[in-house]
Chemist: 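This structure is in structure tokens; I'll ask about it shortly.
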Protein chains: 2
Amino acid sequence: MARKAGSHAEITGPKVREAALRLFAQYGFAAVSMRQIAREVGVQAGALYTYTTDKQALLFDLMHDHMGDVLAGIAAMPDGSPGERLEWIVRYHIGYNLTHKDGVFINYMELRNLEPENRKVISALRRRYEDAVEAVLVDGQEKGVFQIPDTRLATMAVIAMLNGVNTWYREGGRLSQDRVERIYWNMVRRAVKGA
Amino acid sequence: MARKAGSHAEITGPKVREAALRLFAQYGFAAVSMRQIAREVGVQAGALYTYTTDKQALLFDLMHDHMGDVLAGIAAMPDGSPGERLEWIVRYHIGYNLTHKDGVFINYMELRNLEPENRKVISALRRRYEDAVEAVLVDGQEKGVFQIPDTRLATMAVIAMLNGVNTWYREGGRLSQDRVERIYWNMVRRAVKGA
DNA sequence: GTCTATAGTACGATAGAC
DNA sequence: GTCTATCGTACTATAGAC
């Protein structure tokens, strides 16, 4: 116990990632120093480079893993009618975002701090998520249960609307998460149905 | 002409602000140095401090002026029915955002880089904008032309949806700005009306 | 109003000891 | 695997000359 130096690979690795995720989300990638991350973890700055080749790779790995998680989640969408699947997406998106605030925040704030090749990778993953949402809208449109003038715009509109929840929702606030999900589903449902 | 040093207060001041706005929007406040701004303007770094007390004040002034402009715009909303006013807001919001991309971007990305007191000021101005939008929803609700389960959530949902346009809209792309405004108004209209 | 020069600090990353 | 020490660089902001 309490030794100052030793081998802690299984513990330190995840701690570095957790600290970086939290600090990047709070202050922004450019504003956070490697020394600051190290202090949070409880090691010296040099020790971080056992776990990441450099600061850029640390950011990219966090964003990449986040998108993998998001995509695995939406791939598990149950079968059902277009309406049922769209409601599932609304709830999944809000629920996931509220339980992974830091990852969500970084993934849409720090794209510009990725080097071009890394940015391409993350953008492509994000695009896959958008396509999964749009596929449900297209299906509903073809089946005649949705009336959507432009499924691409509707996709972007729905995602932006749902992302907005993270900017104001506070646990223990005026509305429960379930109530928020219901209200948003109500608005989305009406927006994609005929007038 | 071509003198290296001289008095250019009327020219340099605005140039500093324009350069800072553009660079902060592109790379983020924390990632941009005063030297970088100076290089863009064509002066030495020290000369910037004639126009701003420090980097923080430069950011705050840009954000503050942006919000003043936004609020002056929405204060000029014409009279009309709730539906007419909401349509006006949709078009104003999209149009303003697309013609002031950098200011919009900074104002919602750089809040966390403001010192606490400055942040309070900007947050209060943003809140005034939200309140102006909500007032229209409340009016329509009271007049029975809107059916909205929660006007505050609907306000946040509408604003988030409209903000999303800036993330994907490209001039000369698939859709004209007017077409985008129509489609978004169509979705908003349906979202706030009864099913 | 702008310049040059600089004080004082912090940064990312690496080398070598343990 | 982590430490200490450090290289080379960059930063914000200020002082004083012009």
Side-chain angles (χ1 to χ4, degrees), chain A residues 1-24 26-63 106 110 112-118, chain B residues 1-21 23-24 26-63 106 110 112-116 118:
Chain A
M1 301 274 171
R3 58 179 167 173
K4 292 276 172 54
S7 299
H8 297 283
E10 320 79 26
I11 296 177
T12 305
K15 277 174 81 175
V16 169
R17 299 168 50 83
E18 284 157 22
L21 185 74
R22 185 161 25 84
L23 291 171
F24 289 166
Q26 183 163 7
Y27 303 107
F29 174 75
V32 173
S33 69
M34 294 299 272
R35 282 169 172 82
Q36 200 175 346
I37 297 169
R39 199 182 314 127
E40 201 85 353
V41 173
V43 296
Q44 293 300 314
L48 297 179
Y49 292 86
T50 307
Y51 303 98
T52 184
T53 59
D54 55 21
K55 199 185 172 192
Q56 168 74 201
L58 186 51
L59 175 63
F60 174 73
D61 287 346
L62 290 173
M63 293 177 71
I106 287 174
E110 301 297 355
R112 64 181 169 188
N113 282 311
L114 288 178
E115 287 162 5
E117 279 168 43
N118 288 339
Chain B
M1 299 276 171
R3 59 180 168 173
K4 292 277 173 53
S7 299
H8 298 282
E10 320 79 25
I11 295 177
T12 306
K15 278 174 80 175
V16 169
R17 298 166 52 83
E18 284 157 22
L21 185 74
L23 291 171
F24 288 166
Q26 183 164 7
Y27 303 108
F29 173 75
V32 173
S33 68
M34 295 298 271
R35 282 171 170 80
Q36 201 174 344
I37 297 169
R39 199 181 314 126
E40 201 87 353
V41 173
V43 297
Q44 293 300 315
L48 297 179
Y49 292 86
T50 306
Y51 303 98
T52 184
T53 59
D54 56 21
K55 198 184 171 193
Q56 168 74 202
L58 185 51
L59 175 63
F60 174 72
D61 287 345
L62 290 173
M63 294 179 70
I106 287 173
E110 300 298 356
R112 64 180 168 188
N113 281 310
L114 288 178
E115 286 161 5
N118 288 340

Chemist: Check every atom of D:dG1, C:dG12, D:dC3 against the side chain of A:Tyr51 and return the nucleotide holding the closest atom.
Modeler: D:dG1
Chemist: May I have the distance from A:Leu48 (atom CG) to C:dG12 (atom C1'), rounded to whole angstrom?
Modeler: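 Roughly 11 Å, once rounded to whole Å.
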Chemist: Has A:Glu40 got a side-chain atom pairing as donor or acceptor with A:Ala19's backbone, closer than 3.5 angstrom?
Modeler: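 Flag not set: sc A:Glu40 to bb A:Ala19 has no pair under 3.5 Å.
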Chemist: Does OP1 or OP2 of D:dA15 have a side-chain N or O of B:Tyr49 closer than 4.0 Å?
Modeler: no
Chemist: Please state how far atom CZ in B:Arg39 lies from atom P in D:dC11, giving the value in whole angstrom units.
Modeler: 7 Å
Chemist: For C:dG1, does either OP1 or OP2 sit under 4.0 Å from a side-chain N or O belonging to B:Thr12?
Modeler: no
Chemist: Less than 4.0 angstrom between a side-chain N/O of A:Ser33 and OP1 or OP2 of C:dC11, yes or no?
Modeler: yes
Chemist: Toward the 5' end of DNA chain C, which comes first, A:Gly46 or A:Gln36, by nearest nucleotide?
Modeler: A:Gln36
Chemist: Which nucleotide sits closest to the side chain of A:Arg35: D:dG1, C:dC11, D:dA13?
Modeler: C:dC11
Chemist: Let me see the working for A:Gln56 and A:Asn113 under side chain to side chain contact (heavy atoms under 4.5 Å, CB included), right down to the final yes or no.
Modeler: CA-CA 8 Å; A:Gln56 168 74 201; A:Asn113 282 311; 5.7 Å; no
Chemist: What is the distance, to the nearest angstrom, from the CD atom on B:Gln56 to the P atom on D:dC11?
Modeler: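 Roughly 19 Å, once rounded to whole Å.
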Chemist: Quick one: is A:Gln44 getting a side-chain N or O under 4.0 Å of the D:dT4 phosphate, OP1 or OP2?
Modeler: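 So the side-chain polar atoms of A:Gln44 do come within 4.0 Å of the phosphate oxygens OP1 or OP2 of D:dT4, strictly under.
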Chemist: Counting the atoms with a prime plus P, OP1 and OP2 as sugar-phosphate, which does A:Thr50 contact under 4.0 Å by heavy atoms, base, sugar-phosphate, or nothing?
Modeler: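 Since a base atom lies under 4.0 Å of A:Thr50, the category is base.
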Chemist: Could you check if a side-chain atom of B:Glu115 sits within less than 4.5 angstrom of a side-chain atom of B:Phe60, using non-hydrogen atoms only?
Modeler: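 No, their side chains stay 4.5 Å or more apart.
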Chemist: Do A:Ile37 and A:Phe24 have side-chain heavy atoms sitting under 4.5 Å apart?
Modeler: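 When only atoms from C-beta onward are counted, A:Phe24 and A:Ile37 do touch, with a gap below 4.5 Å.
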Chemist: For the pair made of CE in B:Met34 and C1' in D:dT14, what is the distance, rounded to whole Å?
Modeler: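 Taking atom C1' of D:dT14 as the reference, CE of B:Met34 is at 12 Å.
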Chemist: For A:Val41, report the nucleic acid contact type (base, sugar-phosphate, nothing); a contact means any heavy atom under 4.0 Å.
Modeler: nothing
Chemist: Rounded off to whole Å, could you give me the CG-to-C1' distance for the A:Leu23 and C:dC11 pair?
Modeler: 16 Å
Chemist: What's the CD-P distance between B:Glu10 and C:dG1, to the nearest Å?
Modeler: 8 Å
Chemist: Give the nucleotide from the list C:dC3, C:dG12, D:dT2 with an atom nearest to the side chain of B:Ala47.
Modeler: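 Within the option list, the nearest is C:dC3.
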Chemist: Looking at CG of B:Leu58 and NZ of B:Lys55, how far apart are the two atoms once the value is rounded to the nearest 0.5 Å?
Modeler: 9.0 Å
